[in-house]
Amino acid sequence: MSYKINPGLSAETKVFRYMDLAKFLSLIHQKTIFFAKASSYEDSLEGMPTELDRFLGSESAELLDVTINLMWAGLATDVDDEIRKRNREEANRAKLDHENRNVNTIFGPLKTAQDFGYSSIVKAVSNWVDISCWHTDASDVESMAMWKIYGGGSASVCVESTVGDVLSAMSIPPELNVIAGVVTYIDYQKDYVGIDEPIRFFFNKSKHYEFEKELRFVLRSVQVDDVKASRVQPGTSVAVDPKVLIKGVMVSPTASNWFVELIGLVMRSSGYSVTVSKSKISVRNA
């Protein structure tokens, strides 16, 4: 398996996956993790460049320079015909280069076309990149928000693992690779990510989601023949060994004691020896 851990992230970093009972049973019995394609996420900016990245990536700055210094300058009354002609030729060459330039993507350079510019290319690429989202917190504190949003009720659990164990548990075919990294929460109107490292687009998210404290595993094919082609599949299911992945199981703070015992029974009957515990968050009984 080909994988990479982004700088500043350790294989020992703890990660947590909050889920309802159905997803938990699917993990331990079907032994898969689902990576959803980036274009399917709620956040429409998922995998997208910021406004400044888009401005620089689309080479709008270069076209603006051509317009000001060649086209507009050529309209001056004191410019002779030879200079005006030369400016027009240079402007036409710049326009042609712009329409046929390459855009740097995680699948290599892709050529633009009249109906397939920078923004279209970036959006198309996000349709071929899949993501598995996890929670991480340097202070190792449970998140009530994660319980409510991703647990979905009292019949929910949180799987505890580490970055290294998740990667070791996955069976990734050679034509795919995985990159693990912590999400950076940014202002898409003001911040700059960097068009020379397009993979970074998939480790950024809007500041509105900062409470998630997300760590993600990004899955991509080594090569995609045509990123413009539609992709029907919602993502990719990856085979895992749950006994390598699962280091502990925590049960919802609103769960009854019988549910905690049930999860313990399910784990023991399935051959798992990990600790099953109830959440440490104290909630008021109804």
Side-chain angles (χ1 to χ4, degrees), residues 2-18 33-58 103-108 118-119 121-150 158-167 170 176-221 235-236:
S2 175
Y3 69 82
K4 174 184 175 183
I5 299 177
N6 281 344
L9 181 63
S10 167
E12 301 302 316
T13 300
K14 290 183 179 181
V15 291
F16 306 88
R17 188 76 180 269
Y18 294 80
I33 291 178
F34 183 69
F35 287 70
K37 60 183 180 183
S39 60
S40 70
Y41 279 82
E42 174 186 70
D43 184 3
S44 62
L45 298 174
E46 193 77 52
M48 296 293 104
T50 65
E51 290 298 323
L52 183 54
D53 287 306
R54 183 179 289 108
F55 179 73
L56 294 176
S58 63
V103 172
N104 186 28
T105 77
I106 61 173
F107 300 118
Y118 178 80
S119 294
I121 288 177
V122 175
K123 186 175 181 179
V125 166
S126 72
N127 202 41
W128 294 95
V129 176
D130 301 333
I131 299 171
S132 176
C133 305
W134 296 67
H135 175 77
T136 189
D137 190 342
S139 58
D140 197 17
V141 175
E142 282 183 68
S143 171
M144 193 62 181
M146 294 296 101
W147 278 119
K148 289 183 175 181
I149 297 173
Y150 296 101
C158 174
V159 169
E160 304 172 36
S161 189
T162 67
V163 170
D165 287 323
V166 174
L167 291 171
M170 291 191 291
L176 301 176
N177 60 35
V178 175
I179 302 176
V182 175
V183 169
T184 299
Y185 298 93
I186 63 174
D187 185 334
Y188 279 82
Q189 301 298 316
K190 300 177 180 178
D191 292 338
Y192 173 66
V193 176
I195 59 176
D196 293 329
E197 296 182 80
I199 188 63
R200 293 178 60 190
F201 292 156
F202 297 96
F203 289 98
N204 293 316
K205 206 165 185 176
S206 171
K207 283 183 176 292
H208 302 113
Y209 295 87
E210 198 163 5
F211 68 93
E212 292 180 344
K213 298 181 180 179
E214 185 181 334
L215 182 148
R216 56 179 43 175
F217 299 89
V218 174
L219 178 74
R220 68 180 181 89
S221 174
T236 304

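The first residue in the sequence is number 1, and the count goes up from there.
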For residues 210-219, which side-chain donor-acceptor pairs fall under 3.5 Å, sequence neighbours excluded?
from, atom 1, to, atom 2, distance (Å)
E212, OE1, K205, NZ, 3.0
E212, OE2, Y150, OH, 2.9
K213, NZ, D137, OD2, 3.2
E214, OE1, K205, NZ, 3.2
E214, OE2, R216, NE, 2.8
E214, OE2, R216, NH2, 2.8
R216, NH1, E46, OE2, 2.5
R216, NH1, F202, O, 2.7
R216, NH2, E46, OE2, 2.8

| said: Centre-to-centre under 6.0 Å for W147 and Y18, is that the case here? | reply: yes

| V166 and T162: side chain to side chain contact (heavy atoms under 4.5 Å, CB included), yes or no, with the steps? | CA-CA 6 Å; V166 174; T162 67; over 6 Å; no

| field | Working for side chain to side chain contact (heavy atoms under 4.5 Å, CB included), residues F203 and N6 | value | CA-CA 10 Å; F203 289 98; N6 281 344; 3.7 Å; yes

I'd like to check [X] versus [Y] (side-chain heavy atoms, cut-off strictly below 4.5 Å). Are they in contact?
{"X": "S119", "Y": "V122", "value": "no"}
{"X": "K14", "Y": "E160", "value": "no"}
{"X": "I5", "Y": "L167", "value": "yes"}
{"X": "K37", "Y": "N127", "value": "yes"}
{"X": "V182", "Y": "L9", "value": "yes"}

Atom [atom1] in [X], atom [atom2] in [Y]: separation rounded to 0.5 Å?
{"X": "M144", "Y": "M146", "atom1": "CE", "atom2": "CE", "answer": "12.0 Å"}
{"X": "L45", "Y": "F201", "atom1": "CG", "atom2": "CZ", "answer": "12.0 Å"}
{"X": "I199", "Y": "I106", "atom1": "CD1", "atom2": "CD1", "answer": "4.5 Å"}
{"X": "I131", "Y": "I179", "atom1": "CD1", "atom2": "CD1", "answer": "11.0 Å"}
{"X": "H135", "Y": "C158", "atom1": "NE2", "atom2": "SG", "answer": "8.0 Å"}
{"X": "Y185", "Y": "K207", "atom1": "OH", "atom2": "NZ", "answer": "11.0 Å"}

No-hydrogen, no-angle side-chain donor-acceptor test under 3.5 Å, [X] and [Y]:
{"X": "N177", "Y": "K4", "result": "no"}
{"X": "T50", "Y": "D191", "result": "no"}
{"X": "S206", "Y": "D43", "result": "no"}
{"X": "W134", "Y": "S132", "result": "yes"}

| task | Test P198 against every option in V125, I121, N104 by the side chain to side chain contact (heavy atoms under 4.5 Å, CB included) rule and name the one that passes. | result | N104

| task | Please report the C-alpha distance between M170 and V178 in whole Å, then the side-chain angles of each, then the deciding distance to 0.1 Å, and finally whether the side chain to side chain contact (heavy atoms under 4.5 Å, CB included) criterion is met. | result | CA-CA 10 Å; M170 291 191 291; V178 175; 4.2 Å; yes

| Nearest atoms (heavy-atom pairs only) where S221 meets L176 | CA-CD2, 3.6 Å

| remark: Note: D165 and S161 closest approach over all heavy atoms is CB-OG, 3.5 Å

| Is there a side chain to side chain contact (heavy atoms under 4.5 Å, CB included) between V163 and E12 once you walk through the steps? | CA-CA 6 Å; V163 170; E12 301 302 316; over 6 Å; no

| request: Sequence neighbours left out, what pairs pass salt bridge (charged side-chain N to carboxylate O under 4.0 Å, His left out) with at least one residue falling in residues 177-188? | output: none

| task | Check whether any side-chain N or O of T136 sits under 3.5 Å from a backbone N or O of V15 as a donor-acceptor pair, and report yes or no. | result | no

